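Structure first, then comments.
Each ligand, and each atom within it, is numbered from 1 in the order the structure gives. This is a predicted model, so every value here is computed, not measured. Each residue takes its place number in the sequence, starting with 1.
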Amino acid sequence: MKQPLIVANWKSNMTEQEGLQWLEAMGQTLAETEKQVVLCPPFTLLPSLSKEIAKQQIQLALGAQDISPFAHGAYTGAVNGTQIAEFASYVLIGHSERRNYFTESDEQIEQKVAMAKKANLVSIECVQGKDTVIPEGVNIVAYEPVWAIGSGKAESPQQANEVATAIKAKSAVPLVLYGGSVTAENVGEFTHMDAIDGVLVGGASLHPQQFAQIIQNA
Ligand code: PGA
């Protein structure tokens, strides 16, 4: 049976201390699972978490939540691919919150995908529907209907599977995740769908107990 990919997106939550406590609480679950788990914390936590993960040899990959569309240079506030690659191997691109609150355009998203590729980062592009533009070079797509994010109302697994199938038919992307109000209760229904390869979890990933249950039930 295929092992699902489970990606946690902490968004703008967690201090360094809280992040390290989460890691400690998750240790046992991560040691016991064969599922691939990726954590995307805020940039500020990447160095200390990656150090701790290496020290304790924890089975957990790290990802960034965003990437600069530029290389290094005079771009105040931006974190570039080379800098991310020092600590992480994945990167989320084009999350609907970035598109909405930071007015990210399809063009910028395309540049970000190119920068991720240059830095050898695995790009996870978040798309809001089957018609969202998927640039060349995207490694993984996460289908996240905007209304399902943080609302407690997930998409139906059948509907999500249809969108995932359509995405695979129109692009060369081999892996499609579902995201939007994923919980320990509904995760298995998504990961059992044939076109869905895993999940992207926001709110429920902040709580070690809930997230451990999600990993178990996926
Ligand atoms: P949610 O967020 O699980 O809190 O709905 C998912 C996401 O935005 O990635």
Side-chain angles (χ1 to χ4, degrees), residues 4-14 18-19 22 26 29 35-43 45-46 49 60-67 84 88-104 108-109 112-113 116 121-130 132 134 138-157 159-161 163-164 167 173 175-193 196-218:
L5 174 65
I6 302 156
V7 183
N9 173 14
W10 280 357
K11 309 190 180 187
S12 190
N13 294 293
M14 297 287 217
E18 288 165 347
W22 182 97
M26 286 297 299
T29 304
K35 292 161 194 163
Q36 204 186 338
V37 185
V38 179
L39 170 65
C40 302
F43 285 126
L45 276 73
L46 285 174
L49 287 175
L60 176 66
L62 287 176
Q65 295 174 14
D66 187 29
I67 180 172
I84 293 169
S89 44
Y90 290 76
V91 61
L92 296 177
I93 296 176
H95 192 283
S96 58
E97 288 152 14
R98 301 263 353 140
R99 295 181 198 250
N100 293 340
Y101 301 127
F102 303 92
T103 60
E104 228 166 70
Q108 284 172 312
I109 287 162
K112 289 180 179 202
V113 170
L121 295 165
V122 178
S123 55
I124 305 176
E125 192 205 4
C126 302
V127 307
Q128 292 68 48
K130 63 177 166 38
T132 306
I134 300 174
V138 169
N139 300 111
I140 299 172
V141 160
Y143 164 53
E144 299 202 304
V146 175
W147 55 265
I149 294 177
S151 67
K153 291 193 186 102
E155 173 80 281
S156 84
Q159 188 66 33
N161 194 53
V163 177
I167 289 168
V173 177
L175 296 178
V176 176
L177 315 178
Y178 167 76
S181 296
V182 171
T183 62
E185 289 70 41
N186 66 21
V187 65
E189 296 175 39
F190 289 103
T191 52
H192 278 104
M193 290 287 149
I196 298 177
D197 304 288
V199 285
L200 178 52
V201 188
S205 73
L206 296 170
H207 313 283
Q209 265 180 338
Q210 284 180 36
F211 192 56
Q213 204 65 53
I214 286 175
I215 294 172
Q216 267 154 33
N217 296 356

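- The single protein non-hydrogen atom nearest to atom 3 (O) of ligand 1 is Gly202 N, 2.8 Å, given as residue, atom name and distance.
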Sequence neighbours left out, cut at 3.5 Å: what donor-acceptor pairs do the side chains of residues 198-208 make with other protein atoms?
unit_1	atom_1	unit_2	atom_2	d
Ser205	OG	Val201	O	3.3
Ser205	OG	Gly202	O	2.7

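- Close approach of ligand 1 to Gly180 is summarised as follows: ligand atoms under 4.0 Å from at least one heavy atom of the residue are 5 (O).
- Proximity of Ile149 to ligand 1, defined as any heavy-atom pair under 4.0 Å, is shared by backbone and side chain alike.
- Atoms of ligand 1 found under 4.0 Å from any heavy atom of Leu200 (numbered from 1 in listed order, with element): 9 (O).
- Residue, atom and distance of the protein heavy atom nearest to atom 2 (O) of ligand 1 are Lys11 NZ, 3.3 Å.
- When each atom of ligand 1 is checked for a heavy atom of Asn9 under 4.0 Å away, the hits are 9 (O).
- A side chain to side chain donor-acceptor pair (under 3.5 Å) with Tyr143 is found for exactly one of Glu155, Gln128, Glu125, namely Glu155.
- Looking only at distances, a side-chain donor or acceptor of Tyr178 sits under 3.5 Å from a matching main-chain atom of Gly180.
- Which of Ala148, Gly203, Ser205 comes nearest to atom 4 (O) of ligand 1 through a heavy atom is settled by distance: it is Gly203.
- With hydrogens and angles disregarded, a donor-acceptor distance shorter than 3.5 Å links the side chain of Asn217 to the backbone of Ala184.
- Side chain of Lys35 to main chain of Ala218: a donor-acceptor pair is present (N/O by atom type, distance under 3.5 Å, no hydrogens or angles).
- The protein non-hydrogen atom at the shortest distance from atom 7 (C) of ligand 1 is Glu144 OE2, 3.1 Å.
- Close approach to His95 involves these atoms of ligand 1, each under 4.0 Å from a residue heavy atom: 7 (C), 8 (O), 9 (O).
- Atoms of ligand 1 found under 4.0 Å from any heavy atom of Gly150 (numbered from 1 in listed order, with element): 1 (P), 4 (O), 5 (O).
- For ligand 1, the polar-atom distance check finds no N/O of Ala204 at less than 3.5 Å from any of the ligand's N/O atoms.
- Nearest heavy-atom pair, Val163 versus Gly129, reported as atom, atom and distance to 0.1 Å: CG1-C, 4.4 Å.
- Put simply, the side chain of Asn186 gets close to the backbone of Ser181: a donor and an acceptor are under 3.5 Å apart.
- For Gln65 (side chain) and Lys11 (main-chain N/O), a donor-acceptor pair under 3.5 Å exists by modelled atom type.
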